[in-house]
Amino acid sequence: QKEVEQNSGPLSVPEGAIASLNCTYSDRGSQSFFWYRQYSGKSPELIMFIYSNGDKEDGRFTAQLNKASQYVSLLIRDSQPSDSATYLCAVRASGGSYIPTFGRGTSLIVHP
Amino acid sequence: DAGVIQSPRHEVTEMGQEVTLRCKPISGHNSLFWYRQTMMRGLELLIYFNNNVPIDDSGMPEDRFSAKMPNASFSTLKIQPSEPRDSAVYFCASSLLGQGARTNEKLFFGSGTQLSVL
(Lines give C-alpha, C1' and ligand atoms only; values in the text may rest on other atoms or scores of the structure.)
Protein backbone atom coordinates (compact mmCIF):
# COMPACT_ATOMS: atom_id res chain seq x y z
CA GLN A 1 0.00 0.00 0.00
CA LYS A 2 1.57 3.22 -1.16
CA GLU A 3 0.96 5.91 1.44
CA VAL A 4 1.21 9.66 1.50
CA GLU A 5 1.08 11.26 4.94
CA GLN A 6 0.32 14.84 5.90
CA ASN A 7 -0.44 16.53 9.19
CA SER A 8 -4.11 17.48 9.00
CA GLY A 9 -3.54 20.73 10.93
CA PRO A 10 -4.88 23.29 11.04
CA LEU A 11 -1.65 25.19 10.62
CA SER A 12 -2.22 28.77 11.68
CA VAL A 13 0.22 31.51 10.66
CA PRO A 14 0.03 35.30 10.77
CA GLU A 15 -0.18 37.29 7.58
CA GLY A 16 3.26 37.90 6.10
CA ALA A 17 4.85 34.85 7.72
CA ILE A 18 6.25 31.75 6.03
CA ALA A 19 3.95 28.74 6.04
CA SER A 20 5.67 25.36 5.88
CA LEU A 21 3.69 22.31 4.83
CA ASN A 22 5.18 18.83 4.91
CA CYS A 23 4.44 15.49 3.31
CA THR A 24 6.07 12.07 3.58
CA TYR A 25 5.62 9.11 1.27
CA SER A 26 6.27 5.41 1.55
CA ASP A 27 7.28 4.37 -1.98
CA ARG A 28 10.99 5.04 -2.34
CA GLY A 29 10.76 4.78 -6.11
CA SER A 30 8.22 7.57 -6.45
CA GLN A 31 8.76 9.72 -9.51
CA SER A 32 6.62 12.83 -9.40
CA PHE A 33 5.36 15.05 -6.62
CA PHE A 34 2.56 17.56 -6.65
CA TRP A 35 0.93 20.15 -4.42
CA TYR A 36 -2.74 20.91 -4.97
CA ARG A 37 -4.63 23.69 -3.24
CA GLN A 38 -8.29 23.21 -2.37
CA TYR A 39 -10.45 26.05 -1.14
CA SER A 40 -13.44 25.13 0.98
CA GLY A 41 -16.23 23.81 -1.20
CA LYS A 42 -14.09 23.88 -4.33
CA SER A 43 -12.09 21.35 -6.32
CA PRO A 44 -8.32 20.77 -6.04
CA GLU A 45 -6.08 22.90 -8.24
CA LEU A 46 -2.43 22.17 -9.00
CA ILE A 47 -0.05 24.86 -7.76
CA MET A 48 3.37 23.17 -7.83
CA PHE A 49 5.07 20.05 -9.10
CA ILE A 50 8.60 18.80 -8.62
CA TYR A 51 10.55 15.82 -9.93
CA SER A 52 14.16 16.30 -8.89
CA ASN A 53 15.84 16.63 -5.52
CA GLY A 54 16.22 20.18 -4.33
CA ASP A 55 14.08 23.27 -4.49
CA LYS A 56 11.72 24.63 -7.10
CA GLU A 57 10.45 28.16 -6.78
CA ASP A 58 7.41 29.79 -8.36
CA GLY A 59 6.55 33.22 -7.05
CA ARG A 60 5.82 32.98 -3.34
CA PHE A 61 5.78 29.18 -3.46
CA THR A 62 8.78 26.87 -3.07
CA ALA A 63 8.56 23.10 -3.29
CA GLN A 64 11.37 21.10 -1.70
CA LEU A 65 12.07 17.45 -2.41
CA ASN A 66 14.33 15.09 -0.52
CA LYS A 67 14.09 11.61 -2.02
CA ALA A 68 16.57 10.06 0.42
CA SER A 69 14.37 11.05 3.34
CA GLN A 70 11.17 10.58 1.35
CA TYR A 71 9.62 13.91 2.07
CA VAL A 72 8.38 16.83 0.06
CA SER A 73 7.48 20.21 1.47
CA LEU A 74 5.79 23.40 0.35
CA LEU A 75 6.85 26.79 1.62
CA ILE A 76 4.60 29.80 1.17
CA ARG A 77 6.37 33.09 1.72
CA ASP A 78 4.58 36.30 2.68
CA SER A 79 1.42 34.32 3.48
CA GLN A 80 -1.84 36.06 2.68
CA PRO A 81 -5.35 35.39 4.02
CA SER A 82 -6.22 34.28 0.48
CA ASP A 83 -3.77 31.39 0.94
CA SER A 84 -6.10 29.89 3.57
CA ALA A 85 -7.07 26.54 2.11
CA THR A 86 -6.34 22.84 2.35
CA TYR A 87 -3.10 21.78 0.65
CA LEU A 88 -3.01 18.27 -0.77
CA CYS A 89 0.23 16.47 -1.45
CA ALA A 90 0.12 13.94 -4.30
CA VAL A 91 2.77 11.42 -5.27
CA ARG A 92 3.11 9.34 -8.42
CA ALA A 93 4.70 6.04 -7.56
CA SER A 94 7.28 4.04 -9.44
CA GLY A 95 6.35 1.83 -12.35
CA GLY A 96 4.29 2.60 -15.40
CA SER A 97 1.19 3.85 -13.66
CA TYR A 98 0.50 7.55 -13.82
CA ILE A 99 -1.97 7.38 -10.98
CA PRO A 100 -1.18 9.85 -8.18
CA THR A 101 -1.89 8.99 -4.56
CA PHE A 102 -3.15 11.90 -2.50
CA GLY A 103 -2.51 12.70 1.12
CA ARG A 104 -5.45 13.80 3.24
CA GLY A 105 -4.33 17.39 3.18
CA THR A 106 -3.19 20.07 5.61
CA SER A 107 -5.53 22.91 6.46
CA LEU A 108 -3.76 26.28 6.43
CA ILE A 109 -5.22 29.35 8.10
CA VAL A 110 -3.55 32.71 7.53
CA HIS A 111 -4.89 35.27 9.99
CA PRO A 112 -4.57 39.04 9.51
CA ASP B 1 -12.18 25.08 -23.07
CA ALA B 2 -14.82 24.88 -20.34
CA GLY B 3 -12.78 22.50 -18.22
CA VAL B 4 -14.04 19.25 -16.76
CA ILE B 5 -17.81 19.35 -16.46
CA GLN B 6 -19.66 17.33 -13.87
CA SER B 7 -23.36 16.96 -13.26
CA PRO B 8 -25.32 17.22 -11.14
CA ARG B 9 -23.63 19.61 -8.67
CA HIS B 10 -25.78 18.32 -5.84
CA GLU B 11 -27.73 15.10 -5.50
CA VAL B 12 -29.95 14.16 -2.59
CA THR B 13 -31.48 10.72 -2.69
CA GLU B 14 -32.91 8.08 -0.45
CA MET B 15 -31.19 4.89 0.53
CA GLY B 16 -31.73 2.16 -2.04
CA GLN B 17 -32.13 4.49 -5.00
CA GLU B 18 -29.90 4.46 -8.05
CA VAL B 19 -27.56 7.41 -8.50
CA THR B 20 -25.78 8.34 -11.71
CA LEU B 21 -23.01 10.92 -11.79
CA ARG B 22 -21.80 12.33 -15.09
CA CYS B 23 -18.52 13.73 -16.34
CA LYS B 24 -17.31 15.37 -19.52
CA PRO B 25 -13.48 15.54 -19.60
CA ILE B 26 -11.44 18.22 -21.30
CA SER B 27 -11.37 17.68 -25.04
CA GLY B 28 -8.19 15.89 -26.11
CA HIS B 29 -7.39 14.43 -22.73
CA ASN B 30 -6.77 10.69 -22.74
CA SER B 31 -7.12 9.90 -19.04
CA LEU B 32 -10.07 10.18 -16.69
CA PHE B 33 -10.22 9.63 -12.97
CA TRP B 34 -13.12 9.31 -10.55
CA TYR B 35 -12.30 10.28 -6.96
CA ARG B 36 -14.38 10.35 -3.79
CA GLN B 37 -13.61 12.81 -0.99
CA THR B 38 -14.72 12.59 2.63
CA MET B 39 -13.42 14.18 5.80
CA MET B 40 -12.51 10.80 7.22
CA ARG B 41 -10.72 9.29 4.23
CA GLY B 42 -9.62 12.25 2.15
CA LEU B 43 -9.43 11.95 -1.63
CA GLU B 44 -9.70 8.34 -2.72
CA LEU B 45 -9.26 7.07 -6.27
CA LEU B 46 -12.21 4.97 -7.39
CA ILE B 47 -11.32 4.21 -11.01
CA TYR B 48 -8.94 5.32 -13.73
CA PHE B 49 -9.60 5.17 -17.48
CA ASN B 50 -6.99 5.57 -20.18
CA ASN B 51 -8.20 5.95 -23.77
CA ASN B 52 -11.71 4.98 -22.56
CA VAL B 53 -10.48 1.68 -21.11
CA PRO B 54 -10.67 1.02 -17.34
CA ILE B 55 -7.08 0.52 -16.20
CA ASP B 56 -7.41 0.45 -12.43
CA ASP B 57 -10.71 -0.07 -10.62
CA SER B 58 -9.21 -1.38 -7.40
CA GLY B 59 -10.65 1.59 -5.53
CA MET B 60 -14.26 0.83 -6.40
CA PRO B 61 -15.75 -0.02 -2.99
CA GLU B 62 -18.00 -2.88 -4.01
CA ASP B 63 -20.30 -4.20 -6.69
CA ARG B 64 -22.80 -1.44 -6.02
CA PHE B 65 -20.44 0.91 -7.84
CA SER B 66 -19.89 0.81 -11.58
CA ALA B 67 -18.29 3.20 -14.04
CA LYS B 68 -18.35 3.46 -17.81
CA MET B 69 -16.65 5.53 -20.44
CA PRO B 70 -18.43 4.84 -23.72
CA ASN B 71 -16.44 7.49 -25.60
CA ALA B 72 -13.67 10.02 -25.08
CA SER B 73 -16.04 12.79 -24.06
CA PHE B 74 -18.29 11.16 -21.49
CA SER B 75 -18.15 9.01 -18.39
CA THR B 76 -20.64 7.90 -15.76
CA LEU B 77 -20.33 6.62 -12.21
CA LYS B 78 -23.35 4.70 -11.01
CA ILE B 79 -24.25 3.59 -7.51
CA GLN B 80 -27.02 1.03 -7.20
CA PRO B 81 -28.38 0.70 -4.57
CA SER B 82 -27.11 3.76 -2.76
CA GLU B 83 -26.40 3.76 0.98
CA PRO B 84 -25.90 6.59 3.51
CA ARG B 85 -22.18 5.76 3.76
CA ASP B 86 -21.85 6.69 0.08
CA SER B 87 -22.46 10.33 1.00
CA ALA B 88 -19.41 12.27 -0.16
CA VAL B 89 -18.13 14.65 -2.82
CA TYR B 90 -17.35 12.82 -6.03
CA PHE B 91 -14.78 14.41 -8.32
CA CYS B 92 -13.98 13.63 -11.90
CA ALA B 93 -10.56 14.65 -13.21
CA SER B 94 -8.92 14.41 -16.60
CA SER B 95 -5.38 14.64 -17.90
CA LEU B 96 -3.17 13.99 -20.89
CA LEU B 97 -0.90 11.30 -19.53
CA GLY B 98 1.92 9.43 -21.19
CA GLN B 99 2.40 12.06 -23.84
CA GLY B 100 6.02 12.91 -23.10
CA ALA B 101 6.01 16.13 -21.14
CA ARG B 102 5.82 15.56 -17.40
CA THR B 103 3.75 18.68 -17.09
CA ASN B 104 0.96 16.65 -18.62
CA GLU B 105 0.67 14.76 -15.35
CA LYS B 106 -1.40 17.65 -14.00
CA LEU B 107 -4.94 16.61 -13.16
CA PHE B 108 -7.78 18.98 -13.99
CA PHE B 109 -10.68 18.50 -11.61
CA GLY B 110 -14.34 19.14 -12.19
CA SER B 111 -16.42 21.03 -9.66
CA GLY B 112 -17.58 17.81 -8.05
CA THR B 113 -20.94 16.30 -7.16
CA GLN B 114 -22.05 16.57 -3.55
CA LEU B 115 -23.98 13.36 -2.91
CA SER B 116 -26.22 12.96 0.13
CA VAL B 117 -27.93 9.62 0.69
CA LEU B 118 -30.61 9.81 3.35
Side-chain angles (χ1 to χ4, degrees), chain A residues 1-10 21 23-27 30-53 56 58 61 63 65 67 72 85-107, chain B residues 2-7 9-10 21 23 25-26 29-51 53-60 88-114:
Chain A
Q1 178 77 6
K2 300 180 175 71
E3 295 183 349
V4 177
E5 300 287 342
Q6 295 181 255
N7 187 319
S8 62
L21 305 163
C23 170
T24 60
Y25 57 94
S26 62
D27 183 358
S30 294
Q31 300 288 323
S32 309
F33 308 85
F34 310 87
W35 284 99
Y36 285 79
R37 178 178 62 201
Q38 185 176 22
Y39 291 114
S40 180
K42 302 296 185 182
S43 57
E45 173 190 25
L46 182 72
I47 55 171
M48 289 288 287
F49 59 89
I50 186 167
Y51 305 121
S52 304
N53 271 334
K56 179 181 178 182
D58 184 1
F61 298 96
L65 175 61
K67 288 188 174 181
V72 57
T86 295
Y87 290 80
L88 303 170
C89 173
V91 176
R92 177 169 77 82
S94 55
S97 171
Y98 286 93
I99 302 172
T101 298
F102 283 82
R104 292 178 57 183
T106 298
S107 174
Chain B
V4 177
I5 300 173
Q6 290 188 246
S7 64
R9 288 295 308 274
H10 303 276
L21 310 181
C23 175
I26 291 174
H29 280 187
N30 63 357
S31 300
L32 185 140
F33 302 78
W34 281 101
Y35 284 92
R36 176 173 67 178
Q37 188 174 42
T38 61
M39 289 292 291
M40 290 295 294
R41 301 174 68 90
L43 199 61
E44 302 174 277
L45 177 69
L46 299 177
I47 189 168
Y48 159 55
F49 291 89
N50 184 262
N51 291 321
V53 177
I55 302 300
D56 186 342
D57 65 354
S58 59
M60 296 287 265
V89 179
Y90 290 80
F91 286 107
C92 174
S94 72
S95 188
L96 185 60
L97 299 182
Q99 299 297 309
R102 276 181 147 176
T103 52
N104 288 332
E105 292 191 55
K106 173 181 179 180
L107 297 191
F108 294 80
F109 284 82
S111 299
T113 295
Q114 174 75 60

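Numbers restart at 1 for each chain; the letters A, B, ... are given by sequence-line order, proteins then strands.
- To the nearest 0.5 Å, the span separating CG on B:Leu107 from OG on A:Ser43 amounts to 11.5 Å.
- When all heavy atoms are compared, the tightest approach of B:Glu105 to A:Tyr51 is OE2-CE2, 4.1 Å.
- Within the 4.5 angstrom heavy-atom criterion, only side-chain atoms of B:Tyr35, from C-beta onward, approach chain A.
- For the residue pair A:Pro44 and B:Phe109, the shortest heavy atom distance occurs at O-CD1, 3.5 Å.
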What verdict does the side-chain contact (heavy atoms from CB on, under 4.5 Å) test give for B:Phe33 and A:Ile99, after you've listed the backbone C-alpha separation in whole Å, the side-chain angles of each residue and the deciding distance to 0.1 Å?
CA-CA 9 Å; B:Phe33 302 78; A:Ile99 302 172; 4.3 Å; yes
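- Heavy atoms closer than 4.5 Å to chain A are found in the side chain of B:Leu45, but not in its backbone.
- With sequence neighbours left out, the side-chain hydrogen bond (donor to acceptor under 3.5 Å, both in side chains) criterion links B:Asp57 to no other residue.
- With values rounded to the nearest 0.5 angstrom, A:Phe102 atom CZ is found 9.5 Å from B:Gln37 atom CD.
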B:Arg41 and A:Arg104: CA distance, side-chain angles, deciding distance, side-chain contact (heavy atoms from CB on, under 4.5 Å) verdict
CA-CA 7 Å; B:Arg41 301 174 68 90; A:Arg104 292 178 57 183; 6.0 Å; no
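- Atom NZ of B:Lys106 and atom OG of A:Ser32 lie 15.0 Å apart (nearest 0.5 Å).
- In this structure A:Arg37 satisfies the salt bridge (Lys or Arg N to Asp or Glu O under 4.0 Å) test together with A:Glu45, sequence neighbours excluded.
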